[in-house]
Each structure stands twice: as C-alpha cells, then as structure tokens.
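Quick note on labels: first sequence line is chain A, next is B, and so on, each numbered from 1. Just the heavy atoms: all of them, side chains too, but no hydrogens, waters or symmetry mates, feed the values below.
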Amino acid sequence: MNTPLIKLPVKTDAGEFTAGYSATGLAGLDFPKAGRASPRAAQKAASPAKIRGWHRLTAAALKNVLAGRAANKLPPLDWAGRTEFQKSVWRQLLKISPGQTKSYGEIAKAIGKPKAVRAVGGACGANPIPVLVPCHRILAANKRLGGFSGGLDWKRKLLAGEGVSL
DNA sequence: CTCCGCCTACCAA
DNA sequence: TTGGTAGGCGGAG
C-alpha cells in the first residue's frame, strides 16, 4: 500500500510549484499547472513538523535554482520504488552545478554503461523531482536541446536562468 | 516477449 | 542544413 503524499505549495515568481512528501522525504515536485487548486490549507496544518522542515529546504532550494544559483541544501529525497538504474542516473545529475551541462552520453559513461544512452534519457524523463534533480542540465550530443518531460519551454527557461546558451 | 523513448552516429539529399 | 535509419538498453505491460 502506498500512502498518498502530503502536498504542499511553493510560490515562486515562476508560478506555484507543488512538492509531495512521503514519510521519508521529498518524493515529487510538480511544475505550476494552470487551473490546479492550491493544496488544501487543512493538509498544511496537518503536516508534521518534520515535513514542514523539509518543505522549508525545498522552497529555498527551488528558489535558488530558479535564480540560477546552487540548490544548496536539499531535504532527503525519497526514491523508493525506483530502479537502481534510475537512481544512479539521478545521483549523477545532482553532481552537475548550475550553468554546467552534460550530454546523455556523458551521463551514461559516468554510470559505467556507455551504451545506455537512450535509457539515460528515459531515466531523466522519469525523474519525479525536476529542477532540484537537474535533468534540465542534460543536453543531447552536439549541445542541442533534446527533450524535456516538463515541456521544452521550462528547459529553456531554466538553462537561460543559469546563463547557458545553446 | 513486444513496444516505446528527454539518444547517437551515419549517410543521403 | 534537414531527414531517414539502425543500433542499443532500460522500463512498462
């Protein structure tokens, strides 16, 4: 049985993101979605102090990244139920600092599976915590944009905010 | 097993 | 430059 996540909003000048927490950490982050109601106040009040503490970190980190700065401190990330392959890819992403980019091929090489290039793309697409786990810093070979599950507009915007030009 | 994908390298226009 | 293609690998069903 998987308990539903506790959802909390993060207001930024780029819109209201929604963070989702499990009992062990931040498990998801959603881009602002037009027409989506803000998480209920009742749910906020009910959230344990532990989660509110994580949420402060999430909110600060998110604002940092949106401003082109390093996330700095992140709450624990809950990657339960994900495959080892995906986790190894995401761990690599966390090593990339703002303004840096890597290709899918480089990530594949870094995790010791140089030919799993396309699979790396799949893992990026399955990333439940975009922005903080910076899948947007992965470009296709030859520095082309590649894809982005959250929408290419976000990818462009995030990269531009970090001073990356294509 | 089959199908698909945030890929790549390569070849032809 | 664009466009098609085949190889490769992990994930979902």
Take the protein atom CZ of A:R144 and the nucleotide atom C1' of C:dT2, then report the distance between them rounded to whole Å. 11 Å
Nearest to the side chain of A:A119, which nucleotide is it out of C:dC9, B:dC7, B:dC6? C:dC9
Looking at every strand, decide which applies to A:F148 at a 4.0 Å heavy-atom threshold: base, sugar-phosphate, or nothing. base
Nearest to side-chain heavy atoms of A:R118, which nucleotide of C:dG11, B:dG5, B:dC6: B:dG5
Whole-Å distance, A:K143 NZ to B:dC6 P, equals 20 Å
Is there a Watson-Crick or G-U wobble partner for C:dG8 with both distances under 3.5 Å, and which nucleotide is it? none
What integer distance in Å separates A:L139:CG from B:dT8:P? 9 Å
What is the distance, to the nearest angstrom, from the CG atom on A:N127 to the P atom on C:dG11? 14 Å
Touch check for A:G105, heavy atoms < 4.0 angstrom, all strands: base, sugar-phosphate only, or nothing? sugar-phosphate
Of the candidates B:dC6, C:dG10, B:dT8, the side chain of A:A141 sits closest to B:dT8
Tell me whether A:V164 is reachable from A:L66 by hopping between hydrophobic residues (I, L, V, M, F, W, Y) whose side-chain heavy atoms are closer than 4.5 Å. yes
Of the options B:dC6, C:dG11, B:dT8, whose atoms approach the side-chain atoms of A:S103 most closely? B:dT8
Co-membership, hydrophobic cluster, residues A:I96 and A:L77, 4.5 Å side-chain: yes
NZ of A:K102 versus C1' of B:dC6: gap in Å, rounded? 18 Å
Partner nucleotide of B:dC6 by Watson-Crick or wobble geometry (both distances under 3.5 Å): none
Nearest-angstrom distance from the residue atom NZ of A:K109 to P of C:dG8: 17 Å
Ionic contact status for A:E106 with A:K109, cut-off 4.0 Å: no
Short side-chain N/O contact from A:K115 to OP1 or OP2 of C:dG7, under 4.0 Å: no
Under the criterion side-chain contact (heavy atoms from CB on, under 4.5 Å), which of A:D78, A:L26, A:L5 is the partner of A:Y21? A:L26
Same cluster (ILVMFWY, side-chain, under 4.5 Å), A:L132 and A:W154: yes
Which nucleotide sits closest to the side chain of A:K113: C:dG10, C:dG11, B:dC6? C:dG10
Among B:dC6, B:dC7, C:dG11, which nucleotide has an atom closest to any side-chain atom of A:C124? B:dC6
Could you tell me how far apart A:Q92 (CD) and C:dG10 (P) are, to the nearest whole angstrom? 16 Å
Tell me: CD of A:E106 to P of B:dC7, nearest whole Å? 15 Å
